[in-house]
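Per chain, numbering begins at 1; letters A, B, ... match sequence-line order.
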Amino acid sequence: MPELPEVETIRRDLEPLIVGRRIQGVRIHPGAERLAVTDAPRALERALAGRTVEAVGRHGKYLTLRLDDGRWWVMHLRMTGSLVHLPADAPPHRFERARIDLDDGTTLRFNDLRKFGTWHLVDDPVEAMPNAGPDALSDEFTPRWLRERLRGRETPVKAVLLDQSVAAGVGNIYADEACWIAGIDPRTPAGRIGPTRAARLHAAVRETLEESLGDRGSSFSDYRDGLGGEGMHHLLVHVFRREGKPCGRCGHTIVKTRVAGRGTHYCPGCQRR
DNA sequence: ACTATGCCCTGGGTGC
DNA sequence: TGCACCCAGGGCATAG
């Protein structure tokens with residue numbers, strides 16, 4: 001599942017390889033028509049052909065490619081998507097859903113087992129992400145902002161962390177990790193998190209995202225970076241998918257439960273309500 | 001306004 | 001070995 005650290009790794013990998021490159025052609029493969037959200041597949045392919053990539057940005061889990069006609073190609077990889085730079089003659093991955101040919105003889109391959117990924121072609125990136133709040137690594141995501149968004153809510157604190165209007169880019173892995181770092185039970189009603197713990201949680205969100213980014217993300221299953229390689233951070237997580245194993249801080253056995261409809265991992269020994 | 005649930009999708013794992 | 005079933009989940013739509 002590419003979350004903020006994974007998408008940022010892809011962005012950094014691809015930026016030097018595709019900025020200034022002209023798109024020779026785009027092909028959305030049969031069966032992957034739903035990838036194209038804003039236009040029909042053939043119309044999207046036509047609109048992208050001939051454009052030059054001017055910048056590669058990111059907001060939350062969205063990749064944003066600025067084109068030379070002023071429009072934005074906004075991609076979301078959802079759970080199993082990847083975007084890999086390869087030579088034109090490299091064989092397709094088993095789950096290749098689309099292919100982009102560039103003017104230097106290289107390609108980008110959009111691979112996506114579950115076909116949940118999306119492409120938008122828009123005048124402004126916000127059109128593709130109407131509910132996106134501040135990026136979790138931006139200056140706009142502050143302890144005060146998080147505290148305000150937690151206040152008065154009955155919903156579990158983890159559900160607030162997963163809300164992209166609160167902190168864009170946090171997904172299931174890093175929500176669990178942030179709660180562990182902060183010593184907070186992910187089921188805790190959000191309104192019970194006071195200013196001190198909110199500040200701790202804010203710092204924990206930043207810490208887990210930055211640590212993972214330093215390790216080029218986490219490759220639990222399908223995630224690959226912009227060059228097709230794996231991240232390292234899944235080897236260093238504290239709780240995510242570590243149920244049955246000992247907590248590195250207190251030694252209690254990590255458990256798995258369900259919170260906000262998502263598999264949730266925490267340590268009952270040192271994460272408090 | 002807030003909260004919970006279902007939908008999309010398919011490979012991999014489990015149980016019989 | 002084969003087959004049916006269930007699970008994973010981001011973002012959105014819908015219902016209560």
Practice problem: Would you sort out whether A/Asp176 and A/His265 count as a side chain to side chain donor-acceptor pair (under 3.5 Å), showing the intermediate values? | Solution: CA-CA 6 Å; A/Asp176 281 2; A/His265 316 74; 2.8 Å; yes
Quiz item: Are A/Met75 and A/Phe95 connected, step by step, through hydrophobic side chains (Ile, Leu, Val, Met, Phe, Trp, Tyr) whose heavy atoms are closer than 4.5 Å?
Solution: no
Quiz prompt | Closest to the A/Lys115 side chain, choosing from B/dT10, B/dG11, B/dA4 | solution = B/dT10
Exercise. Could you tell me how the ring of A/Trp180 sits relative to the ring of A/His238: parallel (under 30°), tilted (30 to 60°) or perpendicular (over 60°)?
Key: parallel
Quiz item: What is the distance, rounded to the nearest whole Å, between atom CG of A/Asp163 and atom P of B/dT3?
Solution: 11 Å
Quiz prompt | Short side-chain donor-acceptor distance under 3.5 Å, A/Arg109 and A/Thr107 | solution = yes
Practice problem: Say whether A/His120 and A/Glu127, considering side chains only, have a donor N or O and an acceptor N or O under 3.5 Å apart. | Solution: no
Practice problem: Sugar-phosphate means primed atoms, P, OP1 and OP2; the rest is base. With that split, encode nucleotides 7-16 of chain C 5' to 3' as B, S or - using protein heavy atoms under 4.0 Å. | Solution: -BBBBS----
